[in-house]
Structure formats: structure tokens, C-alpha cells
Amino acid sequence: MTQTQRLSKVQRAAASLVLLFLLAFPLFASDYQSGLLAKFLVFGIFALSLDLIWGYSGIVNFGHAIFFGTGAYSMGIILKFVALPGATYLAVIGGVLVPALLALGLGYLLFYGRVSGVFFGVVTLALTGAAHSIIIVNGGITGGLNGLYSYQTPTLGIPGLWEVSWYDPMVSYYAAVLSSVVCLALARWLVRSNFGRAIGAIRENEVRAAFMGYNVPFLKLVIFTIACGMAGLSGVLYVPIGFISPDLIGVMMSASVLVWVAVGGRGTLIGAFVGALVVNYLQTMLSDSFATLWLLIVGLFFILVVLFWPGGVVGLVQTRWARRGFAALRLEKE
Amino acid sequence: MGSKKNSLSRRQFGRIVGGTAVAGSVMGGPWIISARGEEPVKLGGLFHLTGPGSIWGPMMQQCMTLAVEQINESGGVLGRQLEMISEDDATSTDAVIQKGNKLVQRDGVKALFGVVYSSVRAALAANIAERYRVPYFYPTYWESSTSCGRYFVSMGAIPNQQLDFFIPFLMEKFGPNIYCVGQDYNWPQVSIAYIEKLLAKHGGKLVGKEFVPFDQSDWSSIIQRVKQSKPDVFFPFIGGNGLVACLKQFYDFGFDDIAVAATLMDEMYTPAFEPELRKGMHCSVSYLMEQDNPVNRAFVGAFKQRFGQDAVLNNMGEALYDSVYVWKLAAEKAGTLDIEKTVDALGSVSFQAPQGEISIDGKSNHAALHQIIAEVRADGGFDILKDFGKVAADTDCSV
């Protein structure tokens, strides 16, 4: 009764409050703090895109960073080699399309080849290594192990008339906020649509869904492509606030995003943002105060979450709310 | 029920508001700094305290700590005390950007120091030092092409400084045929190309070169090829644990006449080898702990007194120590802590470092460093065979 239907009044009030907080944040926070929050939001979008496939369609992707990294690299490479006014927009489009097309090709082979479950995870894990090597071997284009830099400054606005540097902390911050809201809305709309319900059916029982006449590989391919395009967008948004290097495509990054989604709560959408925010904030805070111990503390935190709150932070809150809802129902009956 | 439902909502609402407020204050808390009158001058250190580079991070942090403490004891810089703010970059490009942002935007550091890994250095140089116009001192050998710029100060040896004298020396001592193996990135690529050039100039021959992935762990097929082509010298450009694994497997194939030489054999690497393996390896570095001069004796003595008799440092640590002093001298030369004027003054600075006198070329912001050739002893120490004195950096970089 709480989360499956439309947003309750409370949830709507909370959402407005959070949005207001996000919009006003740079007014009272420093550039550094806004920059941090912008990065966490970008990671949130990245986690959201994983939640779409992991939480809603049951596809385990151990190589999700491939699409994040491909988005960032596509953006950087287009900015480096295309010297046109408005190249930034081209780079953004490329940063979403290239990973989406990559996912389309890869997904076609895997889903139509009936690779699913753990095997899908193993294949994506192996592909992470391959992607990493491709980046390093093609140093002329990608900058190799040193990373990609000295591309033109990405600018937003109207090319030739009114342009603002995307490196400006305000610009990158509001770009991250806006994109987060749009992506979250898109994801919500998707999972609530008939298509989303079909995807959910596949997650629950693939064989039964197929018997009911759903084209399982096709539906999986669609959601996978959309999610990977979204991961690409988060990579694009990361470029002005981070650095394009093989790290982005690596196993660490793929593992981190799994942790964010698990901590936040799988299959809840908003949990992706909660997880990315909580884990990254914790990391930042702890590594500032305990230079070497923080990895251990973050690791322990993750284990505790998995052991005691399998639904993640959002799952925990929801079960509390749900329980209270049942209690209220029982009272009514009496 | 209606009223009950409403009160429930209000409670939840209150909880959410409260939660947001708490979250806000927690997020804001650590960042509130009280403004005081004469605050110390802040310098930022970024070290590989965790992650794959963590064999170097703590040692480099110690060297910077020592320099800052010594400078503070002797009256600080322009009458002000220094404060070192050190951060763990986790050997990652993402963390180094975040920490660099913090050091520059929140702490307002006057200069940045540290890092070993190329990609992490490139990230810091391009996206923090250049973007925010803060000088960054890089204390490690590198290829000198990817991170040039006004705010990037190269304090580590570049290929010509490591190889100009070393290659002719090796040819004379062992013979003209050299085999190079390197990891597949800029530093080994540029260095091996430079060796090829030097060999051609001096009448030697590069009998083989190979590039391997960064995380190569099985070296047997490569070593077989090396042994088959019977070079006089085997010259690896392999960073991190890869070097240890490679050389151990190299000796597993038996001892023969092939000499081992490397520009990165130093105090941090020799303990990883058994005495009979490390004995006779040759290296070319800009600094060794065993250098016998008064400045170095005082430096090593102070280092061991501060961090324990077993504490070890290498050329990266010494370069980091020098970097802090070079920054200090530049600020004093400029007569101000203004960053632009300090950077301008770098070119007129010369420092009596533990390795000997060093100076900065203002055209490239590259340090002229000593070139020392040494042979590793069975006990893991070094016999210094030659010190060629200060060698200028030959680079295309310009400020």
C-alpha cells in the first residue's frame, strides 16, 4: 500500500523537500561541497541504471562500468577530435548513444544466445578486462594507461551566442541535479508502464513469462540498452568533475556500483541514489579522518548491510512503513 | 481513522524533516573551519596510502613530514609556520581529483606534492594543478611528455637523465646488446625508444623489445625469448610488484652471463630479492641512501631518528623532501606566498639536496638532477660506482 501505487502525500512532500534542498544546496555550501554532491548524484544515476536491470529485470551485470566508462571516453574523444561549435552536445549524444549501441550489440548476442543468470555476470566480468585492455592498447585515441585529457573545454548554452564552461562548479552541479531528476522520472515511468510490468514478470519467472507470449530476449534487450545508455549519460556527466582514465572501466568501479545499489536497496530506484550517497559520503568522511582504516570500515559496513538489512537502506524504511500500515489496518478491523 | 492517519503522516513528515536537517548538519559539520588571524601556510600531500601504489605512499608521506617539520623548526617560510595536510588518493584517479579539489578549494593549499602512478599524476596535473593554477611537484621518474605545464614541476628523473650515461656505461662493462621489456604505457615506451636512440649513437644494439600488459604475472615465455636472443644486458621497465615477479622468474631459468640493469632498482625493491639474486644488479638513479656527503648523512640520520632505525626511503622520497624545500626557496625568492610569483621564481632556485646540488629549469619547470650508477650488493645495499653530477633535463615540455 505504500510503494506500489502512486506516491503518497508524505512521499511527495519528502520528494519536494529533497529537491528543494538540492536546488538550494550551492547557496549555503562551498564549491567543494557542491562538487562532491554533484559527483555523488552522478554516481547515483549510474547506480540507478544498474538498478533498472539488476533490480527490475534480474540481469546481473558485473561489468556495468564498461558503459559508464564508454560514455565518458566517447565524450572525451569527441571533444578532442571534433572542433565544432556545439561539439559538447554532439559529445553528450555520443556519450549516450555509443554505450547504448554497444549494449544493443552485446545484449543481442547474449540474450538471444540465452545467456542468463550467473553466466551473464561471468561474461560481463570478463568483458570488463577486455574493455580495459582495448582502452590501454589504443593509446593514440584513448590516452592509454595515463588517461584522456587536453580535450576542449565542454560548454553548455547556445553555441556562439551564450556559452558557459561545464567545468564551472555551478554548471556541473545543476547539470547533475537536472539529469538525476529526469533519469529518476524516466526510470519510474518505465518500471510502472506495461513494459515495466512485463520486465518484472520475466524477473519473477522467465519461463512462465515466455509461455504467456512475451518475447523475453527482446524485452531484456530493450531494458538493457536503455539502462546502458543511462550509464553512459552518467559517464558523460562525470567528465567535467572527474578524470577519464582506465579506472572508470575497471573491475573496482563495477564492484562499487553493485555495492551502492545493494546498500541503497535493490529494486527501489531511489535506493540507488541513497546507496551512492551514503557509501560515497561515508568513504569521503572516513578517508578524511582515518587515512588508511577507511577501506576496512566501509567493507564492514557493507557486510553489515548485507547481513542485517538485505533490502538495503530504502528496504528497511519501507518495511517499517509497511508494518505500521498493517498495524493500522488491523486496528481498523478491530 | 482519518485523524489517526494524519497524525501518522505528521510524525513521518517530522521525521523526514529532522533526518534531512541532521544529514545537512552532518554534511556541513566537518567543513566548517574557524577563521583565525595568522593561520599556518598549508601544503597538500597526496599519497598512495591504499591501493596498488601503497608500497610507496607511507614512505613519501614520511619524507614530506620531515621536510615540513624541519622548516617549521628553523622558523618557517617568510615568518609563517607550515601545515601539511595529507590525503590518501587510494591510487585512483577518481579519489585524487576529489582529494585535490578538497585541498585546493577547502583548505586553500599553496602547493601540491606526491603521487607515483602515471594515471593518477596525469589526473592531478591536468584537472587540478592546471585548472586551479596551483603548483604541483611530482617526485618520480617519468617520460616527460604528458603532463607538461606551468604548474607542473618535474622533480623526478626523465629518460635522458637516467640513461645518457648509463647506456654507454653498460655497453662498456657488459657488451653492446640490450634487451628491453616494459609495461605498455608512456614511460616504458618513451624510455625504450630513447635507449634505442642512444644505442644507435654509441654503436650498440637493441636486440629485442617487448611491451606487456600492466598486470602481467606469468613472464616465462618472455624470459625464454630474452634468454634465446642472448643479450649482454636485460633491462626491464616494469613498475610495482611486476618487477619482482619478472626478475625472480628470470633467475628461475638459471644464472648466466646476462646482466640485469634497471632505472628503478632502489632501496624499496632490493629487500624483495634473495641475496644471491640481487647481487650484481645495476641501477641508475638520482639518489641513494648510501650517498656519502654531509647533507645526506644529516638527512638520513634525521629520517631514521624520526621514523625508526629500520625506516627506508628511496629517490622518490628524497625528491619529495627536496620539493618542499624548492617550494620554500621559491617563495622566499619571490618574497611572497603569492602562487604566481612563487611559480615565476622556481627557475632561479637552487637547493643543496641530499643527492647534491639541484636546480629548476624555468623554461620547463624540470629539475636538473644527479645521475648515479650503482651496483647492488648481496646485503641489499648499493655500491656507488659513478656520480655524474647534475644533469639537465632534455625535454620538449615548456611552461
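All chains are named by letter (A, B, ...) in the order of the sequence lines, taking the proteins before the strands, and each is independently numbered beginning at 1. These values consider heavy atoms only, across backbone and side chains, with no hydrogens, waters or symmetry-generated copies.
- Summarising the geometry of A/Leu145 relative to B/Ser119, their closest heavy-atom pair is O-CB, 3.0 Å, with the distance given to 0.1 Å.
- Comparing B/Gln189, B/Gln183, B/Gln98, B/Lys99 by heavy-atom pairs within less than 4.5 Å of chain A, the highest count is held by B/Gln98.
- Across B/Gln105 and A/Asp31, no two heavy atoms sit closer than the pair OE1-C, 3.7 Å.
- Although no hydrogens or angles enter the test, the distance criterion places a donor-acceptor pair under 3.5 Å between the side chain of A/Tyr149 and the main chain of B/Thr146.
- Listed by chain and residue number, nothing satisfies the salt bridge (Lys or Arg N to Asp or Glu O under 4.0 Å) test with B/Lys110 (two or more places apart in sequence, or in another chain).
- Residue A/Phe28 does not touch chain B at all, counting heavy-atom pairs closer than 4.5 Å.
- Residue A/Ile241 touches chain B through its backbone alone, counting heavy-atom pairs closer than 4.5 Å.
- Other residues, nucleotides and ligands contribute more than 12 heavy atoms inside 6.0 Å of the CG atom of A/Asn138.
- Residues from residues 121-132 of chain B that place a non-hydrogen atom less than 4.5 Å from a non-hydrogen atom of chain A comprise B/Arg121, B/Ala122, B/Ala123, B/Ala126, B/Asn127, B/Arg131, given in numerical order.
- Between A/Asn146 atom CG and B/Tyr185 atom OH the span is 8.0 Å, to the nearest 0.5 Å.
- With sequence neighbours left out, A/Phe46 forms a ring-ring contact (aromatic ring centres under 6.0 Å, His included) with A/His64, A/Phe68.
- Contact count versus chain B (heavy atoms, under 4.5 Å) is highest, among A/Lys39, A/Met252, A/Gln283, A/Met253, for A/Lys39.
- A search for salt bridge (Lys or Arg N to Asp or Glu O under 4.0 Å) contacts involving B/Glu210 returns B/Arg225, not counting sequence neighbours.
- The part of B/Asn186 that comes within reach of chain A is its side chain, from C-beta onward, which places non-hydrogen atoms under 4.5 angstrom from that chain.
- For the atom pair B/Asp184 CG and A/Ile136 CD1, the distance stands at 8.0 Å (nearest 0.5 Å).
- Using a 4.5 Å cut-off between heavy atoms, B/Ala95 does not touch chain A at all.
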